[in-house]
Amino acid sequence: MKVVYIIELTIAAILFLIMTIAMFTRKTKRLRIALTVILLDLCIVGYVGYSYMQEEPIMTLKGQPIVQLEVNQKYEELGAQVQYHEKDVSNDVKVTGEVDTQKPGEYTIEYQYFYGRDKVKEIERTVKVKDCTSPKIELKGKEEMCLYENEEYEEPGYVVEDNVDENLTEKVKIEKKKIDEMKYELIYTVEDSSGNKAEAKRTVTLKKVEKIETEQNEEDTPTSNNGVIYLTFDDGPSLSSTPKILDILKEEGVKATFFILNYDTNGEVLVKRIVNEGHSIGIHGYSHDYKKIYQSVDSYMENITKLQDKIKKSTGVTTNLTRFPGGSSNTISSFNPKIMTKLTKEVVKRGFRYYDWNVSSGDAGEAKNRDEVYQNVIKDLYRNGNNIVLMHDFSGNNKTIEALRSIIQYGKQKGYVFKAITEDTPMLTHKVNN
Ligand SMILES: [Zn+2]
């Protein structure tokens, strides 16, 4: 109770006492005084009562009115303090509103105190949940990669982790920045829903194709001043490309080599045609899935022998010619250290021969059209040696189909001889990098 009220009520009590005494003395003059005093007394009591009724609760927030939180940081409800008629009634405060600390946003918490008949005192608190943590891009594979200039870049992959957003991995943008002729940088960027950015970089250094290690004997070296071109086609057979390529080869009277993958009954017709028209058939693999085939020596060997058996059944030919998916120099297999070192020895030990390439058409990678395929091939031809040209007859590879005749005609005009690879062809191998 406020001191003012106590003083006022004390005065009222004294006046009431004076009035009572006056009443008992029964003198008219005193009675008048007594009545006046009663009136005054009623006024005071009335005023005190009114003031008491009018008094409002005093409400204050415990803690800050605006609270900033990082995502996943715990929100602690401190509540509000209410004083009503000098008493602490904080326990009667009704708190409404929730904060989802896993979702960035602005949340409002309401504090209400009900008093009197239907009066309410209320205040609010704002809780801002912010995501200030940047996502993280984790690159798989090496941050500094080394490729032969004719080797195709294969993205080893990446994963994005974030405290709020899921599936950011799909939103990564990759930009290629050239540093110089033999080096470029891949810049991976991603942004989360709150605008926090992340970046990762990978540098790719290209290596000139070294003079290939070959098992060339003197008698194998072309005696003429002109080289030999071995056209090779990987990743087929395909219904859309292989027949067209076979047609051109037939018209030009040129033999080539097809390093094939597993095929269905339609493909079998093409495999038979390849053999019947005098081309060489080689094993690229039953599967091209690097993760599977380079898992172990056994899985690789199974991958080629399975296809070898199938080719034998389809054509009667047992082929020992192989080409490693990605080439023997590939680094995509580096998830299994030294696997290529083991495999390149193992396949030869088991009587297979493998052929990489020293001329790449780029038709599975950077070459955008027939002219680029053509240029890529003719610019790298060795006039006095064996040229094993990497091309592809996978489905839809029109640029190669369109460039093929020009390549053959250029070769003929320059005096090259076209041959299919046989077991007598010296192996042409890249330097093993894993
Ligand atoms: Zn391939």
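If you're wondering where the values come from, they're calculated on a predicted model, not measured in any experiment. All residue numbers refer to positions in the sequence shown, counting from 1.
Using modelled atom types, one side-chain atom of Asn303 and one backbone atom of Tyr286 make a donor-acceptor pair closer than 3.5 Å. Judged by distance alone, with hydrogens and angles left aside, the side-chain atoms of Ser280 form a donor-acceptor pair with the main-chain N or O of Ile421 at under 3.5 Å. The closest donor-acceptor contact from the side chain of Thr101 to the backbone of Val71 lies at 3.5 Å or more, if one exists at all. No side-chain donor-acceptor contact under 3.5 Å links Ser329 to the backbone of His430.
The pair Glu302-Lys292 does not meet the salt-bridge criterion, since no charged nitrogen lies less than 4.0 angstrom from a carboxylate oxygen.
Sorted by first and then second residue, the pairs that involve residues 391-411 and meet salt bridge (Lys or Arg N to Asp or Glu O under 4.0 Å), not counting sequence neighbours, are Glu251-Arg405, Glu252-Arg405. Within the structure, salt bridge (Lys or Arg N to Asp or Glu O under 4.0 Å) pairs that include any residue of residues 109-122 comprise Glu56-Lys121 (at least two apart or interchain). Screening residues 367-378 for salt bridge (Lys or Arg N to Asp or Glu O under 4.0 Å), with sequence neighbours left out, gives Lys368-Glu372. For residues 36-48, there are no side chain to side chain donor-acceptor pair (under 3.5 Å) pairs, not counting sequence neighbours. Screening residues 338-347 for salt bridge (Lys or Arg N to Asp or Glu O under 4.0 Å) gives Glu346-Lys349, Glu346-Arg350 as the qualifying pairs, with residues at least two apart or on separate chains. Sorted pairs that involve residues 57-79 and meet ring pair (Phe, Tyr, Trp, His ring centres under 6.0 Å), not counting sequence neighbours, are lacking altogether.
With sequence neighbours excluded, the residues that form a side-chain hydrogen bond (donor to acceptor under 3.5 Å, both in side chains) with Asp356 are Ser328. With sequence neighbours excluded, the residues satisfying side-chain hydrogen bond (donor to acceptor under 3.5 Å, both in side chains) with Asp131 are Asn163. Under the side-chain hydrogen bond (donor to acceptor under 3.5 Å, both in side chains) criterion, Tyr84 pairs with no residue, sequence neighbours left out. Considering only residues two or more places apart in sequence or on other chains, Ser51 meets the side-chain hydrogen bond (donor to acceptor under 3.5 Å, both in side chains) condition with none of them.
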Pairs of donor and acceptor atoms involving the side chains of residues 138-147, under 3.5 Å and at least two apart or interchain, shall be tabulated with distances.
none

Run the side-chain donor-acceptor check on residues 181-188: report pairs under 3.5 Å with partners two or more places apart or on a different chain.
unit_1	atom_1	unit_2	atom_2	d
Glu181	OE2	Lys178	NZ	3.1
Tyr188	OH	Tyr153	OH	3.4
Tyr188	OH	Glu155	OE1	2.7
Tyr188	OH	Glu155	OE2	3.2
Tyr188	OH	Arg202	NE	2.9
Tyr188	OH	Arg202	NH2	3.3

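Nearest approach of Tyr354 to Met427, heavy atoms of both residues: N-SD, 3.2 Å. Nearest heavy-atom pair across Thr133 and Asp162 is O-OD1, 3.8 Å. Of all heavy-atom pairs spanning Ala403 and Tyr374, the tightest one is CB-N, 4.1 Å.
Under a cutoff of 6.0 Å and an axis angle of 45°, Lys310 and Tyr263 form a cation-pi pair.
Glu199 pairs with exactly one of Val190, Thr189, Ile137 by the side chain to side chain contact (heavy atoms under 4.5 Å, CB included) rule, that one being Thr189.
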